[in-house]
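Worksheet: one structure, shown below.
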Amino acid sequence: MDTSRFDKLWKRSGGRNNSSAAFTVLEQHYSEPHRRYHTANHITACLTTYDRAANTLGVNDAVEMALWFHDVIYVAGQSDNEIRSAELFQSLSNAHLPGSFIDRVARMIIATRHKALSPAADEQFVVDVDLDGLAKPWNAFIADTQLLREENHSADEAEFLGGMRHFFGHLLERPSIYAMPFFQASSELKARKNVQRLLAELDSLELGA
């Protein structure tokens with residue numbers, strides 16, 4: 001992860017202290033040995049997608065900050081990872097970043113639980129970036145799925161596959177996987193085909209454990 005980029009974002013966001021302490025926490029969490037998919041590589045990929053989209057949608061520092069922190073807490077099988085990630089961001093930024101900015105970022109981090117399509121444009125931006133990996137070429141998409149299986153190694157096969165069916169089935173029930181027209185145009189068709197193929201072939205795929 002790019003410490004210089006994070007420091008510039010921190011300062012633009014009103015940071016009243018050096019960003020190094022917060023960045024150290026990010027590095028420590030994203031390099032935890034149990035992680036396979038939710039690593040620094042995922043954050044870097046999200047930031048690359050954000051940069052591409054920001055050329056059209058506009059720069060949004062709160063969106064970028066939410067992307068840095070949205071998976072900082074990740075424990076496989078836990079339903080409160082995003083809430084705890086938001087809380088960690090709040091604790092690291094309290095009294096250092098403006099309160100209204102902190103509240104916005106925390107709200108966007110929690111939105112990456114992907115429970116429902118949000119009407120808020122900033123939440124849509126963060127959520128769509130997080131889901132953009134679904135539109136990768138099939139081999140890369142399946143490689144990500146295998147990394148998720150490795151991360152969830154403690155779950156038995158039935159539990160893991162059931163979770164995949166629930167999550168991806170929920171996405172397919174939406175009018176579109178993505179909320180923003182930018183991502184609908186660039187990623188919707190590829191993502192929907194990948195997810196449909198995954199669900200059709202899930203029982204026969206060799207995902208490891």
Side-chain angles (χ1 to χ4, degrees), residues 1-15 19 22-23 25-27 29-31 35 37-74 81-83 85-86 88-90 92-93 97-98 100-137 140-141 143-144 147-148 171 174 176-192 194-195:
M1 296 191 298
D2 186 343
T3 183
S4 175
R5 174 172 183 157
F6 182 77
D7 184 63
K8 291 174 182 176
L9 173 64
W10 189 265
K11 290 174 180 174
R12 285 199 312 272
S13 304
S19 67
F23 188 80
V25 172
L26 287 169
E27 282 191 313
H29 280 277
Y30 286 120
S31 61
R35 296 178 185 244
Y37 175 79
H38 295 92
T39 65
N41 288 337
H42 173 56
I43 302 306
T44 299
C46 284
L47 293 173
T48 299
T49 299
Y50 164 80
D51 289 340
R52 173 172 55 86
N55 288 329
T56 300
L57 301 176
V59 171
N60 187 320
D61 288 340
V63 167
E64 182 179 345
M65 188 70 77
L67 291 169
W68 278 95
F69 279 92
H70 77 284
D71 284 325
V72 67
I73 299 294
Y74 181 78
N81 288 320
E82 293 83 5
I83 293 172
S85 294
L88 179 55
F89 167 72
Q90 289 169 316
L92 290 170
S93 57
L97 298 176
S100 59
F101 181 84
I102 294 171
D103 292 343
R104 285 184 64 207
V105 172
R107 171 172 51 80
M108 285 185 270
I109 292 170
I110 292 171
T112 62
R113 299 176 75 193
H114 304 295
K115 295 297 184 182
L117 286 170
S118 171
D122 54 2
E123 292 180 16
Q124 292 176 2
F125 198 167
V126 172
V127 168
D128 282 359
V129 168
D130 191 30
L131 292 175
D132 195 62
L134 300 181
K136 289 180 179 179
F141 172 78
D144 283 348
L147 292 176
L148 287 168
L171 291 184
R174 298 177 178 182
S176 60
I177 292 172
Y178 301 98
M180 306 193 85
F182 176 88
F183 288 96
Q184 290 171 357
S186 67
S187 303
E188 180 72 27
L189 182 60
K190 290 179 285 185
R192 190 165 286 271
N194 280 342
V195 171

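For the numbers below, each heavy atom of this structure counts, side chains included, while hydrogens, waters and symmetry mates do not.
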Compare all side-chain heavy atoms of [X] with those of [Y] and state whether any distance is below 4.5 angstrom.
X: R104; Y: N60; value: yes
X: F69; Y: V105; value: no
X: Y74; Y: S85; value: no
X: F183; Y: Q124; value: no
X: D144; Y: L148; value: no
X: V126; Y: L67; value: yes
X: N81; Y: H38; value: no

Any side-chain to backbone donor/acceptor pair from [X] onto [Y]? Under 3.5 Å, distance only.
X: T112; Y: M108; value: no
X: Y178; Y: S186; value: no
X: D132; Y: S187; value: no
X: D61; Y: S13; value: no
X: D128; Y: A179; value: yes
X: Y30; Y: V72; value: yes
X: Q90; Y: I102; value: no

Q. Stepwise, does the side chain to side chain contact (heavy atoms under 4.5 Å, CB included) test hold for R113 with I83?
A. CA-CA 9 Å; R113 299 176 75 193; I83 293 172; 4.0 Å; yes
Taking all heavy atoms of [X] and all of [Y], pick out the closest pair and write down the distance.
X: I177; Y: L117; answer: O-CD2, 4.2 Å
X: S118; Y: A120; answer: OG-N, 3.0 Å
X: L97; Y: G14; answer: CD2-C, 3.9 Å
X: L171; Y: R192; answer: O-NH2, 4.2 Å
X: D71; Y: R35; answer: O-NH1, 2.9 Å
X: F141; Y: G133; answer: CD1-O, 4.2 Å

Could you tell me the separation between the [atom1] atom of [X] and the [atom2] atom of [Y], rounded to the nearest 0.5 Å?
X: T56; Y: F182; atom1: OG1; atom2: CZ; result: 4.5 Å
X: H114; Y: E82; atom1: NE2; atom2: CD; result: 7.0 Å
X: I43; Y: D2; atom1: CD1; atom2: CG; result: 13.5 Å
X: T49; Y: L131; atom1: OG1; atom2: CG; result: 11.0 Å

Q) Are E64 and R12 within salt-bridge range, i.e. N to O under 4.0 Å? A) yes
Q. Does the distance from a Lys or Arg side-chain N to an Asp or Glu carboxylate O, for R107 and D103, drop under 4.0 Å?
A. no
Q: Please test L134 against N194 for side chain to side chain contact (heavy atoms under 4.5 Å, CB included), starting from the C-alpha separation and ending with a verdict.
A: CA-CA 7 Å; L134 300 181; N194 280 342; 5.8 Å; no
Q: Using the side chain to side chain contact (heavy atoms under 4.5 Å, CB included) rule, take C46 and H70 through it: C-alpha gap first, then chi angles, then the decisive distance, then the call.
A: CA-CA 10 Å; C46 284; H70 77 284; 4.0 Å; yes
Q | Output field: ring centroids Y50/F125 closer than 6.0 Å | A | yes
Q) Should H42 and D130 be marked as a side-chain hydrogen bond (donor to acceptor under 3.5 Å, both in side chains) after you check the CA-CA gap, both sets of side-chain angles, and the distance that decides it? A) CA-CA 9 Å; H42 173 56; D130 191 30; 3.1 Å; yes
